[in-house]
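Read through the structure below, which is laid out as C-alpha cells, and then see the notes.
Throughout, a chain's letter reflects where its sequence line sits, starting with A, and its residues are numbered from 1. Worth saying up front: this structure is predicted, and the values here are computed from it rather than measured.
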Amino acid sequence: MRMSKLYLPTLKEDPAEADIKSHQLMLRAGMMRKLNPGIFSYLPLGYRVIRKIENIVREEMNKTTSQEVLLPVMQTANIWKESNRWDKFGPLMIKFKDRKDHEYCLGPTHEEVITDLIKDEVRSYKDLPLNLYQIQTKVRDEIRPRFGVMRGREFIMKDAYSMDADYEGLDDSYQEMYEAYVNIFNRLGLETRVVKADSGAMGGKDSHEFMVIAESGEDDIAVCDSCDYAANTELAKSYEEEKNIDKDLKERKLIDTPDTKTIEGLESFLEIDGSKMIKTMLMKADDELVVVLLRGDDQLNEVKLTNYLQAANLEPATEEDIIEVFGVKPGFIGPINISDYKIIADHRIKNMRNAICGANIEDKHYGNVSPVRDFNVDEYTDLRTVKVGDLCPECEEGKLEIEPGIEVGHIFKLGTKYSESMGATYLDENGKAKPIVMGSYGIGITRIVAAAIEQSNDQNGIIWTKDLAPYKIIILPLGRSDEVNKTSEELYDTFQEMGIEVLLDDRNERAGVKFNDADLIGIPLRITVGSRSLENNVLEVRNRQTGEDFEINIDNYKEEIKKLLSELK
RNA sequence: CGGGCUGUGGCGCAGUUUGGUAGCGCACCUGCUUUGGGAGCAGGGGGUCCUCGGUUCAAAUCCGAGCAGCCCGACCA
C-alpha cells in the first residue's frame, strides 16, 4: 500500500480523552476514531489488525469441531423472556420497539439465539455433539465505557456454543475449546494466564478466564507463588486460617469512641489492629436485608456474597435501612442483639475472641466481644476478598500474589440453564426427552487489539508482533533523487510479488515525519532507502521489535529480508 | 446512578479570578528556500467560545437551568 493513498490520520499529541497507552496509541496511530463513548470506527490500519486477529481465531476454531455461522444482531424480546433474562440482563441491553410495537434488543450475547436456533433441529442424541461459533459485533449498554476499545458499548467478539447430550460430553467440548484457546493466544503472541472465574450473568458451573497480565487491567488475579492455583479475586477462595485462639473470654465492656465511624479511625483512636475488630455491614440482596460480618482488616467480596445468596442484585443498604435494623447511624453498628435479620459471617469471624465491634449506640463500641457468647451467627461462609500474602487455598503452602489482568477470553459450562428454560431437548437412546447440555466460549477480538498494544509498546509507539502487524515491512524513501525513488519502487513491487505485506511511504514528507510515523504504527521491519546507503550499495533495515539496525547488501536483499522476517517474534 | 474534573477553529491548550467583542502551538492552503529523526520565512483560510435563558450599554468571562465528554466506584469479551 502506498502511504500517499492510505487513510492514516496520525496524531503527534496524545488526545486528551485517552489515558491508557493502548487507547492513546490506537488513536494516534490512526487505527480508529470515536463516534460516541465506547463506540468506534476502525480505519484501514486498525481494521487490518482486527482481521489478522479474527483470522487467527478463525483458523484455530476451524481446527476444532466448531463450525462458523452468523447470528442476528437484532433479537426479539421473546427469546429473552423465555430464558428469563429480559429483566435480568436489563439495563445492559439496548432495547427498542419496531413499528408494530414489538420489543427487540441488540444482542449483548447469543445464548438465546443459538438455543432457539438448534432446538427445533436437534432432535436426537445422534445429532450431538454440535459446536457453532461466530465472529460478530456485540452491543452492550455498559454503565461506563472506558479505556477505548477495552470496555466498549460495541465490540467484536468470537463466541462459540457447544451442545452435548450429557455432562461428560460437555467436559469434552469444554476441554476442546480450552485447548483451542491456549493455541489461539499462543499464536496471538499474548502472554495469558488461565484463571478460575465467576460465571456471572451467564450462569453455569465451571468457568475459566484467559487473562493478559497488564498494568491497565481491570481485573485482579490471585496467583499462588508455589503451586499453579490462579483465580480471579472475584472468587479466589480464602484460606480458612486457624490462628491461635485466645480461649480466655474476657468480660464485655463498653468503650467510648466519639465520632469514630471507620475501622481506620478505630485503629488510630484505640491503637488496636483492624484484625481484632469485627466489621458489620448491612447489604440488600434483592429485597432482603442481610447483616454481614467481616474481620476489620478484610474487604467484602460482593461476588461471593451474591453467589452465596443466589441473589440477582446486591447493593449496600441505605442509611434509613441501617437505622431501622440497628437503631443507630452507620459507624457504630454491631451484631449484638440483632435477631430479626439473617447474620452471615466470614469464616474468619468464627475464631475471633475478645474483639471490638459497634455497640449500636452512637459513639460507642464494645470491647472483648466473642461469637456465640455475645452474638449469634446464622451462617458462616467465605466472604472476604483475598489479599496479597494470604496462604494459598489450594496447596496451603505458597502465598498469593495479586496481579492486574485484562480478560480476553472466557469459557463457561452453562449446563442446561438455557435448554431447559427454552425447551431445547433431544431424545436419548431410550427415546426419553432430555435437555441439551451447553457450554459457551467467548474471545474479545477488539479487546485483544488493546491488550496486545498494552503488552508491547515503547515511547515511540506500538510494536506489533509479526502475526498482528498490519504490514510486515515499511519502505522509507528519503530525499527525492530518482535513484532513491526507483529503488524504492522496485523493492515495493518485489515484496508484493513475494506476497509480503508492504507499505511504501511515498508521501512528500521529511525524513523525521516518516521515521516517527513508522515507529508509531509499529511495522516490524523498516527499510530506509537514501542516497547515502545507495552509494554503498546497501539497504538500511531496522527491527522495530529489537531496535537493531542492519545493513544488507542490495544484491541479495531478498534472502536477507526473508531471514530477518523469519526471525521476528 | 453517586463523586470529581472539563467543554474555546481538526488536535493540544491559554484567556474566565478583575465583563470591553478571541488568541497560541500543531495541522491545513499558497509561494520561496530546505530535505537522514516531527523544517524556515512570508502570506492565507477556518471559531454558534457546548446549549438555552437571565443580568448588563456590553458576556467566552457573572447568574440559573440543561446537555455532552473524561476520570474514580458497581457490569463484562
Rounding to the closest angstrom, what is the interatomic distance between B:rA27 and B:rG38 at atom C1'? 12 Å
Within the modelled atom types, does a donor on one side and an acceptor on the other bring the side chain of A:D519 and the base of B:rG37 under 3.5 Å apart? yes
Tell me what A:R33 touches on the nucleic acid: a base, only sugar-phosphate, or nothing, going by heavy atoms under 4.0 Å. nothing
Checking only heavy atoms, does the side chain of A:R140 share a donor-acceptor pair with the base of B:rC75 at less than 3.5 Å? no
Pick the C1' atom in B:rC49 and in B:rC24, then give their distance to the nearest Å. 15 Å
On the six-membered ring of A:F155, is A:K138 placed so that its NZ or CZ lies under 6.0 angstrom from the centre and within 45° of the ring axis? no
A:R510 side chain N/O closer than 4.0 Å to the phosphate oxygens (OP1, OP2) of B:rA39? yes
Ring centroids of A:F515 and B:rG38 base under 5.5 Å with planes under 30°: no
Within the structure, does a side-chain N or O atom of A:K34 lie under 4.0 Å from either OP1 or OP2 of B:rG69? no
For A:V49 and A:P470, work out which heavy atoms get closest and say how close. CG2-CD, 3.8 Å
With P as the reference atom in both, quote the distance from B:rU16 to B:rU21 in angstrom, rounded to an integer. 14 Å
Tell me whether the guanidinium CZ or amine NZ of A:K95 lies under 6.0 angstrom from the six-membered ring centre of A:W86 and within 45° of its axis. yes
Taking any heavy-atom pair under 4.0 Å as a contact, classify A:D19: base, sugar-phosphate, or nothing. sugar-phosphate
Any donor-acceptor pair under 3.5 Å joining the side chain of A:R144 to the base of B:rG69? no
Would you say the base of B:rG38 and the side-chain of A:E509 have a donor-acceptor pair closer than 3.5 Å? no
